[in-house]
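The structure under discussion appears below in the form of structure tokens.
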Number of protein chains: 2
Amino acid sequence: MDWLKLPPLNGLRAFSVVAETGSYTLAAQKLNVTHAAVSQQVRRLEEHLGVALAVRSGRGIELTAEGASLARDLDIGFATIGRGVERLTEIVENRPVQVTMSPAFAVEWLLPRMAEFQHEYPDITLMLNPTAEVVELKPGGIDVAIRYRDKRRPVAGVQPLLLSDMVVIGAPELVAGRDLSNPASLMDLPWLQELGTNEASEWFTFHGVIPDRRLTVHHMPGNLIMDAVRRGDGITYTSRAFFREEIEQGRMIELFSEKLFGIYFVETRAGAQRPAVKAFLKWLRAQAETVTV
Amino acid sequence: MDWLKLPPLNGLRAFSVVAETGSYTLAAQKLNVTHAAVSQQVRRLEEHLGVALAVRSGRGIELTAEGASLARDLDIGFATIGRGVERLTEIVENRPVQVTMSPAFAVEWLLPRMAEFQHEYPDITLMLNPTAEVVELKPGGIDVAIRYRDKRRPVAGVQPLLLSDMVVIGAPELVAGRDLSNPASLMDLPWLQELGTNEASEWFTFHGVIPDRRLTVHHMPGNLIMDAVRRGDGITYTSRAFFREEIEQGRMIELFSEKLFGIYFVETRAGAQRPAVKAFLKWLRAQAETVTV
DNA sequence: CCGAGATATTAGAAAAAGTAACAAATGGAC
DNA sequence: GTCCATTTGTTACTTTTTCTAATATCTCGG
């Protein structure tokens with residue numbers, strides 16, 4: 001292929017629009033630049049090719065024979081490219097919105113609200129990816145990530161979604177009748193924690209407790225933890241928002257809490273978002289206002 | 001036309017080459033940039049489109065389904081554009097070299113050397129445009145201008161071609177037996193000068209002579225002036241280089257001279273020159289060395 | 001487990017493109 | 001004719017994009 005030594009493509013595009021509109025001024029409007037920019041692009045292209053493409057003619061311009069010939073080919077070429085891009089865009093636009101989040105968040109927060117979202121935006125399909133892993137946001141992959149971050153290490157420039165106290169929580173049948181007034185006493189209870197994390201021992205460390213005996217920690221996926229805690233299989237460290245009603249009604253016991261230590265925020269990948277993704281983000285923001293616990 | 005909102009064209013080109021070569025490294029070589037540049041172009045394109053086009057695969061990459069689809073269209077599109085440009089280039093490359101210069105220079109300097117040039121470069125056709133007017137150098141028009149400039153007002157950054165004393169010259173039969181020892185005495189002789197110029201009165205002014213009677217000045221094209229002067233129809237102000245031999249042999253009389261006042265220089269239009277133009281310029285430079293009078 | 005060969009990512013340098021302001025040419029209104 | 005609106009042409013300067021160089025990361029084969 002020897003089209004590698006193509007002239008400046010932006011100049012070609014500019015000239016193509018000039019040829020189409022028959023005017024620098026109109027072409028500039030179409031391209032959202034000033035006429036000076038278009039004029040310079042075409043001049044540079046002419047210098048590169050060593051041939052005049054358009055000449056002044058009265059109040060406007062007219063193409064030279066060479067210019068007209070080139071314009072024809074450019075039109076066909078760019079149209080081909082445009083069709084290819086368009087087809088791709090259609091595929092992309094219609095792809096479901098890909099969202100990743102922690103299993104706990106999915107079960108306790110998003111899933112309960114999904115029906116409402118679907119009612120509001122029946123045409124948008126959400127694909128959830130509940131995982132504790134941090135998935136990279138790249139084109140063609142995950143569109144939106146809802147992530148948890150300890151508020152002690154705040155992250156700049158992201159949309160907070162849920163700001164909540166973090167609590168250690170357990171079912172009444174598990175904790176009843178015990179003296180749990182100091183952190184160290186929690187070492188005797190079984191902890192449930194997300195696969196691949198180490199929340200229990202971090203919690204003790206943060207409270208100045210150096211474990212003097214082996215902790216009982218069961219690792220399991222976040223979505224199962226919540227039910228297990230409710231059944232009384234163990235205690236866990238999580239957002240109060242997920243258990244607010246149950247705590248108020250006495251169906252769960254809050255053992256310790258850290259004020260506003262937990263923050264869930266929304267992260268999107270770089271670049272422009274598809275309409276469907278924008279709609280989901282808008283809906284998320286609206287939800288966020290109502291749930292700052 | 002809605003291909004106005006095409007993605008970044010340079011990104012498309014980069015991706016197209018990546019698709020063709022199947023490698024960022026090879027594509028970078030073809031495009032004469034580093035692989036980092038290609039990588040970034042493709043990444044930006046992916047962000048713009050919101051779709052992955054190529055994914056890492058082992059030690060190299062492979063295209064996604066979307067990438068392969070786009071690559072096909074790009075290939076066709078760029079090929080179309082490339083063909084159009086190529087056709088244009090061929091027309092341009094084969095166009096004769098367009099040279100403009102003063103009629104005097106053409107007749108006295110260039111034409112006598114043309115045969116030699118044609119012998120050296122039989123494939124290159126020169127088109128001469130002998131005119132006193134300053135023709136604009138623009139793409140598709142004049143390629144090379146050989147211009148005269150009074151050396152008192154030097155011009156920067158151009159290739160000098162002929163540096164010569166300027167002389168007032170006449171045929172022996174016209175000037176014989178006259179006392180022409182001071183400038184004012186030249187007012188009695190008929191002057192021949194280029195159409196549209198005013199060399200005669202400028203010469204008198206420069207020599208501090210205020211004409212006290214009407215000058216006899218015949219205007220005619222520069223090429224005719226030289227022959228007319230030889231025939232003895234009048235005197236003129238010109239480069240000594242054009243008459244050097246005749247002066248040495250006494251066939252023409254040098255009346256006055258200004259040391260190195262005249263300079264002919266070569267000017268080319270902006271941008272890269274076609275091979276034929278380059279060859280002509282090279283030849284000109286070689287000639288220049290031999291004729292600094 | 002190492003090293004060759006590939007892609008990925010950055011900060012900062014270099015190049016390209018765009019803007020604003022003004023100049024120049026033209027055709028029509030008066 | 002002169003004036004005026006419209007369009008292209010030009011240039012200094014600013015902004016944006018692109019490229020490079022350095023370095024990190026990943027993968028395969030010995």
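A note on names: the letters A, B, ... follow the listed sequences, proteins ahead of strands, and every chain is numbered from 1. Side-chain atoms are counted along with the backbone in the values below, which use heavy atoms only and exclude waters and symmetry mates.
Atom pair A/Leu9:CG and C/dA17:P shows a separation of 10 Å (rounding to whole Å applied). Here the P atom of nucleotide C/dG5 and the CG atom of B/Leu26 are 13 Å apart, to the nearest Å. As rounded to whole Å, 13 Å separates atom P of C/dA17 from atom CZ of A/Arg43. Protein atom CD of B/Glu62 is 13 Å distant from nucleotide atom P of D/dT27, rounded to whole Å. A straight line from CZ of A/Arg59 to C1' of C/dG27 spans 5 Å, rounded to a whole angstrom. Here the P atom of nucleotide C/dA16 and the CG atom of A/Leu12 are 15 Å apart, to the nearest Å. Between the P atom of D/dT8 and the CG atom of A/Leu63 lies a distance of 12 Å, rounded to the nearest Å. The separation between A/Ile61 atom CD1 and D/dT8 atom P is 6 Å, rounded to whole Å.
Put simply, the side chain of B/Glu47 never gets that close to the backbone of B/Arg43: no donor and acceptor are under 3.5 Å apart. Looking only at distances, no side-chain donor or acceptor of B/Glu199 sits under 3.5 Å from a matching main-chain atom of B/Gln193. Checking side-chain atoms of B/Ser16 against main-chain N and O of B/Leu12 turns up no donor-acceptor pair under 3.5 Å. Looking at B/Glu194, its side chain never comes within 3.5 Å of a backbone N or O of B/Ile225 through a donor-acceptor pair.
Considering only the side chain of B/Tyr24, C/dT7 comes nearest among C/dT7, D/dT6, D/dT20.
Proximity of A/Asn10 to the phosphate of C/dA16: no side-chain N or O atom is located under 4.0 Å from OP1 or OP2. Regarding contacts with the backbone of D/dT6, every side-chain N or O of A/Thr25 stays at 4.0 angstrom or more from both OP1 and OP2. The side chain of A/Ser23 places an N or O atom within less than 4.0 Å of a non-bridging phosphate oxygen (OP1 or OP2) of D/dT8.
A/His35 does not qualify as a stacking partner of the D/dT7 base, lacking a centre-to-centre distance under 5.5 Å together with planes within 30°.
A residue-by-residue look at A/Ser57 and A/Gly11 shows that A/Gly11 has its nearest nucleotide of DNA chain C further toward the 5' end. For the pair A/Ala36 and B/Gln41, nearest-nucleotide mapping onto DNA chain D gives the more 5' position to A/Ala36.
One donor-acceptor pair, N or O on each side, does fall under 3.5 Å between the base of D/dT7 and the side chain of A/Arg56. Residue-to-nucleotide contacts include no donor-acceptor pair under 3.5 Å from the side chain of B/Gln40 to the base of C/dT7.
When all heavy atoms of B/Tyr148 and B/Met166 are compared, the closest pair comes out as OH-CE, 3.5 Å.
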